[in-house]
Protein chains: 2
Amino acid sequence: MEIIAEKKKAILESTLKLIKENGFHGTPMSLVAKKAGVAAGTIYHYFDSKDTLIMELFEYTQFRLQQAMLKNLREDMDFKEGFFLRWTSRYHFFIQNPDVLFFIEQFVNSPYFPRCPQERNERIQNEIKQFIGIGKEQGVFRDLDQNLMSIMVHSSIITAAKIQIDGKLVLGENEISQLAQMMWDSIRKQ
Amino acid sequence: MEIIAEKKKAILESTLKLIKENGFHGTPMSLVAKKAGVAAGTIYHYFDSKDTLIMELFEYTQFRLQQAMLKNLREDMDFKEGFFLRWTSRYHFFIQNPDVLFFIEQFVNSPYFPRCPQERNERIQNEIKQFIGIGKEQGVFRDLDQNLMSIMVHSSIITAAKIQIDGKLVLGENEISQLAQMMWDSIRKQ
DNA sequence: CACCACCGAATGAACGTTCATAACAAAGAA
DNA sequence: TTCTTTGTTATGAACGTTCATTCGGTGGTG
């Protein structure tokens, strides 16, 4: 991803926050412009339309998520540790960036999502998918499609993060590690 | 839920389908009216506004989901069977009603959802939650918040159904029961 | 008659997008 | 240096369209 012009970034960040609060509906371009501190027309200097703004925003959030992931990885940990680290660091990213979580969830359930090129969608998924693939080869994990297992793990993270952010439940360190343990137990060979 | 007037039902069903295809954005009231075979004004005979139409549609789908659940339950099955039945019958409901699945997913991730009264949201969750509660008392399940466990189970069902409907993976009977098994293993005491 | 479900053209506000214009910088030309 | 040109970035009022909602009217029923 190229270095993003300051105003372009401001537009993306504003859109992110507004969509979290008001949904796709409720965020007119005029509001985006206002919040970003630019004129309405400026948005169209950087983006062809509202649709492409939203599509690019999705890529932007995927990029940020991936960045956050890679930071925490070490090579020298055992397999189970690796799994726990992946689970918890993704979880914490979403906790720290609730607007990203909400935007992604709205996006993937909207008609925008099917219009994205497949490979883009799955890039983020890949790191976990490969990891699970290795575990499968080593006979640690179930003999089940790795796409399936990785998506189940992914969805458990999303779900836990949403509950925490909504404030429906307060998850302490103990609960977090129990959840990671749950998912570990679900995919490992029994 | 009262017996629903025929036209009202037609309006609800049309909205459901249109929202699945076009999202909240893309479904103007005029289209809803056309698809339902009623005049635009008629919608306002049954619903105060587009917002309340969507809110009521959510309740309507929850109702249908609950109906489908209750149909399959028997008292005389053992605990694990009961879990599997719950998991798979919910799964199959979503597979058979993809528009409901997509609508619910869009709805719960939109700003509409937080505006629903809590008890309404959780009514559906309750049956599974109570079931898990019993399992916990009997020492079959983990010692972890039952809300948390039930939501994790719920999200696994949603996720599996979405993958299947998207056609990303084809899940046969074998995969389905493996998934249910996965979730069973995740919440049971190890 | 009164009441009701229903119709659909009309209304007015909201919104995405355009465009004429300006500010500014970098790069020659004199 | 100073002037001119060219390109990029930014502006915000104006436009045309879309859309939720309204309302006067129609036909059927009790």
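Keep in mind it's a predicted model, so treat the numbers as computed, not measured. Lettering of chains follows the sequences in order, A, B, ..., and the numbering in each one begins at 1.
Note on A/Lys7: a side-chain N or O is less than 4.0 Å away from OP1 or OP2 of D/dT11. Between A/Thr42 and D/dT11 there is a side-chain polar atom (N or O) within less than 4.0 angstrom of OP1 or OP2. OP1 or OP2 of D/dA10 sits under 4.0 Å from a side-chain N or O of A/Tyr46.
Side-chain proximity of A/Met29 to D/dC19, C/dT17, D/dT21: nearest is C/dT17. Of the candidates C/dG16, D/dG12, C/dC7, C/dC7 carries the atom nearest the B/Ala39 side chain, counting heavy atoms from C-beta on. Across C/dG8, D/dC19, C/dG16, the shortest atom-to-atom separation from the side chain of B/Ala40 is found for C/dG8. Among the nucleotides D/dT21, D/dT11, D/dT9, the one closest to any side-chain atom of A/His45 is D/dT9. Closest to the side chain of A/Val38, from the set C/dA9, D/dT11, C/dC15, is D/dT11.
The cationic atom of B/Lys162 (NZ for Lys, CZ for Arg) does not lie both less than 6.0 Å from the six-membered ring centre of B/Phe94 and within 45° of the ring axis.
By the 4.0 Å N-to-carboxylate-O rule, B/Glu13 lies too far from B/Lys7 to be salt-bridged with it. Under 4.0 Å is where a charged nitrogen must lie from a carboxylate oxygen, and between A/Lys20 and A/Glu105 no such pair does.
No hydrogens or angles considered: a donor-acceptor pair under 3.5 Å links the side chains of B/Asp185 and B/Gln181.
Computed from coordinates, the B/Lys8 NZ to C/dC6 C1' distance equals 16 Å when rounded to whole Å.
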